[in-house]
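We use all heavy atoms of the structure for the numbers below, so side chains are in, but hydrogens, waters and symmetry mates are not. In what follows, chains are A, B, ... by sequence order, proteins preceding strands, each numbered from 1.
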Amino acid sequence: MSSDKSFAKLPGFRDFVPADLALRTRIFDAWRRVCGRYGFMEYDGPPLEPLGLYVEKSGPEIVKQLYTFADKGGREVALRPEMTPTLARILAERSRGMAKPIRWFSIPQLFRYERSQRGRLREHFQLNADIVGEAGIGADAEVAAVAIDGVRALGLGEEDFVARVNDRRLVNAVLDELGVAEGRRAACLAVIDKAGRAGPAKTRAGLEALRIGDAATGALSDLVADGSWERLRDRFRSSHAVLAAMQPLAEHREILEAMGLGGYLRFDFTVVRGLAYYTGIVFELFDRAGEMRAICGGGRYDRLLELVGGEPLPAVGFGMGDVVLGELLRDRGIAPGAGAQCDDYVIWVEPEQRSLGMHLARGLRREGRAVLYGLKTLGVGKQLRGANRLGAARVLIIGPDEAASGTVTVRCLASGRQETTTLKALLGGRGSEAGANPAERRSTVPGSTEVGGR
RNA sequence: GUGGGCGUAGCUCAGUCGGUUAGAGCGCCGGAUUGUGGUUCCGGAGGUCGCCGGUUCGAAUCCGGUCGCCCACCCCA
C-alpha cells in the first residue's frame with residue numbers, strides 16, 4: 001500500500017523481507033560459486049564516488065541519471081551507477097605490479113536516478129566479472145561462459161535464455177563496406193541497436209533519416225531483418241574486410257562449443273550495446289519466454305583503463321543485475337521458500353520439563369542442528385501445531401514419563417511415526433529416521449544446477 | 001522528462017445511477033482439543049477506501065491536485 005508519509009521508502013528502492021532476501025542470497029551464492037570455479041577473486045569499492053569519474057567516461061548527459069550531491073566538504077559526489085569505472089580506477093592505481101590476466105568480480109549495489117519500471121529500479125545489485133590484461137578471444141569466451149553459467153547455476157537452461165553475440169569491429173567493417181560516413185556511425189549504431197524493439201518499418205525509416213544512401217539503407221534493413229551468420233557471409237562474400245572481421249566470432253563460438261555452451265549462442269547483428277566504450281565482441285543474455293528482457297550485458301572495452309589514467313590494458317567483462325533474474329526465478333516458480341530452517345522442535349508437556357528441553361536444545365544446536373520450541377507455556381497440541389507450521393522434520397517430546405526415564409519421544413512429522421530414544425543417544429549424534437543429517441539436507445539447494453551438470 | 005492505466009484488510013480482489021455500522025476468499029489470532037500436528041467446524045482481530053482539497057444534506061463512488069505503482073516512450077550501466 002502506498003503512503004505519502006515521509007517515512008515511506010523511496011520510490012524504486014526495495015525492502016528485503018526474509019523471503020526476498022532468501023532469493024537475493026540464492027542469486028549471490030550462485031554467482032560467487034560460479035566465479036570461484038573460474039578462478040575469479042572478489043573485490044569491492046566505495047558506493048560513493050567523485051562525480052567526475054562518471055562524467056569523464058560517459059559525458060555530462062549522464063549526470064541527470066545519477067544520484068548526485070555536494071558533500072559537506074563541497075565535493076561533487078555520486079552514488080555509483082556502475083562498477084566498471086571504479087574497477088578501472090582501482091587498477092589504474094595498482095595494476096602495474098599485478099600478474100595478468102586479472103580475474104576479478106564484484107557484486108555492488110548500484111544506483112540510478114530515473115523513473116523505475118518492471119525489471120528496472122533505482123537501486124539494484126549487479127554481478128560484475130572482468131578479465132583485464134588479456135586481449136585474446138579466450139578471455140572473451142571465458143567471460144561469456146561465466147555469465148552463462150551464472151544464470152545456469154540458478155536452474156535456468158537453454159530453453160530459458162539465450163546469449164546474443166556480436167562484434168563491434170564486424171559492424172564497423174560492414175558499415176565501412178557500405179560506405180557509411182564516419183559522422184553517421186554512432187547514429188547508425190543506435191538505430192541498429194533499437195531494431196529488435198522498433199520493428200523493421202521503424203528501423204528502415206530511422207536508417208533513411210540518416211541519409212546514408214539507398215544501397216546502405218537497403219542492405220542494413222536486410223541484415224536487421226535477417227542478420228544470420230550465413231546471410232551475412234553470403235552478402236559480403238567478396239569483402240575481405242568483413243570476412244576477416246567475422247573470424248573472432250567464429251573462434252569465440254568454437255571455444256564455447258567445446259565447453260558445451262554452444263547451444264546458448266546466437267549471432268545477432270543488432271546487438272551493439274549502447275555504451276561508447278565497447279571495442280570488440282559484445283553480448284547480451286536474454287530471457288526466451290518473456291518479452292526478451294535483458295538479463296545481462298557485456299563485452300570488450302580495451303581503451304577504458306587508459307582513459308581513466310591507467311596503463312593501457314585490454315579488458316572484457318559483463319554486468320548482470322539481480323532484478324530481472326529474480327523476476328525470472330519467481331516466474332518459473334524456482335524461487336526459494338520463505339520458511340525458517342527447523343530440524344528439531346522441542347516440546348515439553350509440563351513447565352517442569354522445560355529445563356530438560358533447554359538442555360536438549362542446547363546440545364542439538366551444538367551439533368549444528370536448527371532447534372526451535374514454544375516460547376511460552378502451551379498445550380502439547382498447540383506446540384505440535386507450531387512445529388508443523390515451521391516445517392520441523394522432527395519433534396522431540398519430553399513429558400513426566402520421559403523425564404523420569406531419561407528418554408525422549410521422537411516424532412517424525414512427515415510420517416507420523418514416533419519412537420522413544422534415550423536422551424543420551426540423541427545428544428550422541430545418532431538421530432532417528434527423519435532429518436537425521438541436517439548438514440546434508442541444507443547443502444542441497446533446490447533448483448540449483450551444477451556447472452556441466454546438464 | 002513525456003503519454004496512458006491503476007491505488008479498497010497482511011495478500012488477491014468485490015463493491016460506483018452518491019445514501020445507515022465498507023465486504024469475500026486466503027492468511028493471522030483464539031476456541032472445539034489440559035500428552036499428539038496437518039483436515040474440519042466455530043469465533044475474533046485487522047481498513048482515516050493512497051493523500052490533500054472541492055462539490056453535496058451526505059463521497060470508497062463525482063471533480064481538481066498530489067504521491068505511489070504498472071505499461072509505453074526516452075535511456076541503458
J.: Between B/G27 and B/G38, how far is it from one P atom to the other, in whole Å?
T.: 13 Å

J.: Nearest to the A/Leu66 side chain among B/A77, B/G3, B/C75, which nucleotide is it?
T.: B/A77

J.: What's the gap between B/G47 and B/A24 when it is taken at their P atoms, as a whole Å value?
T.: 15 Å

J.: If I take atom CZ in residue A/Phe13 and atom C1' in nucleotide B/C69, what distance separates them, rounded to the nearest angstrom?
T.: 16 Å

J.: Is the ring centre of A/Tyr264 less than 6.0 Å from the ring centre of A/Phe161?
T.: yes

J.: Atom CG of A/Asp15 to atom C1' of B/G10: distance rounded to whole Å?
T.: 15 Å

J.: In whole angstrom, give me the gap between the P atoms of B/U61 and B/U48.
T.: 15 Å

J.: Taking the cut-offs as 6.0 angstrom to the six-membered ring centre and 45 degrees off its axis, would you call A/Arg112 and A/Tyr67 a cation-pi pair?
T.: no

J.: Going by the side chain to side chain contact (heavy atoms under 4.5 Å, CB included) test, name the single residue among A/Val346, A/Leu360, A/Thr421 that passes it with A/Val408.
T.: A/Leu360

J.: Extract the stems that RNA chain B is part of, considering only consecutive pairing runs of at least three Watson-Crick or G-U wobble pairs, both distances under 3.5 Å.
T.: B:1-7 with B:67-73, B:10-13 with B:23-26, B:28-32 with B:40-44, B:50-54 with B:62-66

J.: Can you tell me, in whole Å, how much space there is between the C1' of B/G50 and that of B/A60?
T.: 12 Å

J.: Find which nucleotide of RNA chain B each of A/Lys194 and A/Pro11 is nearest to by heavy atoms, and output the residue with the more 5' nucleotide.
T.: A/Pro11

J.: Determine the interatomic distance between P on B/C57 and the same-named atom on B/C52; round to the nearest Å.
T.: 23 Å

J.: So, under a plain 3.5 Å distance rule, would you say the side chain of A/Arg120 forms a donor-acceptor pair with the base of B/C76?
T.: yes

J.: Under 3.5 Å, is there any donor-acceptor pair linking the side chain of A/Arg115 to the base of B/C75?
T.: no

J.: Is the backbone N or O of A/Met98 less than 3.5 Å from a side-chain atom of A/Lys100, with the two atoms forming a donor-acceptor pair by type?
T.: yes

J.: Run through A/Val171, A/Leu210, A/Asn172 and flag the one making a side chain to side chain contact (heavy atoms under 4.5 Å, CB included) with A/Arg185.
T.: A/Asn172

J.: Select base, sugar-phosphate, or nothing to describe what A/Gly12 touches, counting heavy atoms under 4.0 Å on all strands.
T.: sugar-phosphate

J.: Measure the distance from CZ on A/Arg122 to C1' on B/C67 and round it to the nearest whole Å.
T.: 13 Å

J.: I'd like the P distance from B/A9 over to B/G15, given in whole Å.
T.: 15 Å

J.: I'd like to know if the side chain of A/Ser106 and the backbone of A/Tyr43 have a donor-acceptor N/O pair within less than 3.5 Å.
T.: yes

J.: What is the per-nucleotide protein-contact pattern of nucleotides 32-38 of chain B, from the 5' end, where B denotes a base atom under 4.0 Å from a protein heavy atom, S denotes such proximity for sugar-phosphate atoms only, and - denotes neither?
T.: ---BBBB

J.: Which whole number of Å gives the distance between the C1' atom of B/G31 and that of B/C6?
T.: 41 Å

J.: Rounded to whole Å, how long is the line connecting atom CZ of A/Phe283 with atom C1' of B/A77?
T.: 14 Å

J.: Is the A/Tyr38 ring parallel, tilted or perpendicular to the A/Phe40 ring (thresholds 30°, 60°)?
T.: perpendicular

J.: For atom P, what is the distance between B/C29 and B/G46, given to the nearest Å?
T.: 16 Å

J.: Calculate the interatomic distance between A/Leu51 atom CG and B/A77 atom P; express it in whole Å.
T.: 19 Å

J.: Can you tell me how far P of B/C76 sits from CG of A/Leu285, to the nearest Å?
T.: 20 Å

J.: With salt bridge (Lys or Arg N to Asp or Glu O under 4.0 Å) as the test, would you mind laying out the steps for A/Arg14 and A/Asp322 before giving the verdict?
T.: CA-CA 12 Å; A/Arg14 298 172 289 174; A/Asp322 71 313; 3.0 Å; yes

J.: Mind calculating the distance between OH (A/Tyr113) and C1' (B/C74) to the nearest angstrom?
T.: 16 Å

J.: I would like to know whether A/Asp29 and A/Arg26 meet salt bridge (Lys or Arg N to Asp or Glu O under 4.0 Å); could you show each step before the answer?
T.: CA-CA 5 Å; A/Asp29 286 350; A/Arg26 170 172 297 180; over 6 Å; no

J.: To the nearest angstrom, how far is A/Gln65 atom CD from B/C76 atom C1'?
T.: 7 Å

J.: With sequence neighbours left out, write down each residue that passes side chain to side chain contact (heavy atoms under 4.5 Å, CB included) with A/Asp15, or none if nothing qualifies.
T.: A/Lys9

J.: Do A/Tyr373 and A/Trp348 have ring centroids that are under 6.0 Å from one another?
T.: yes

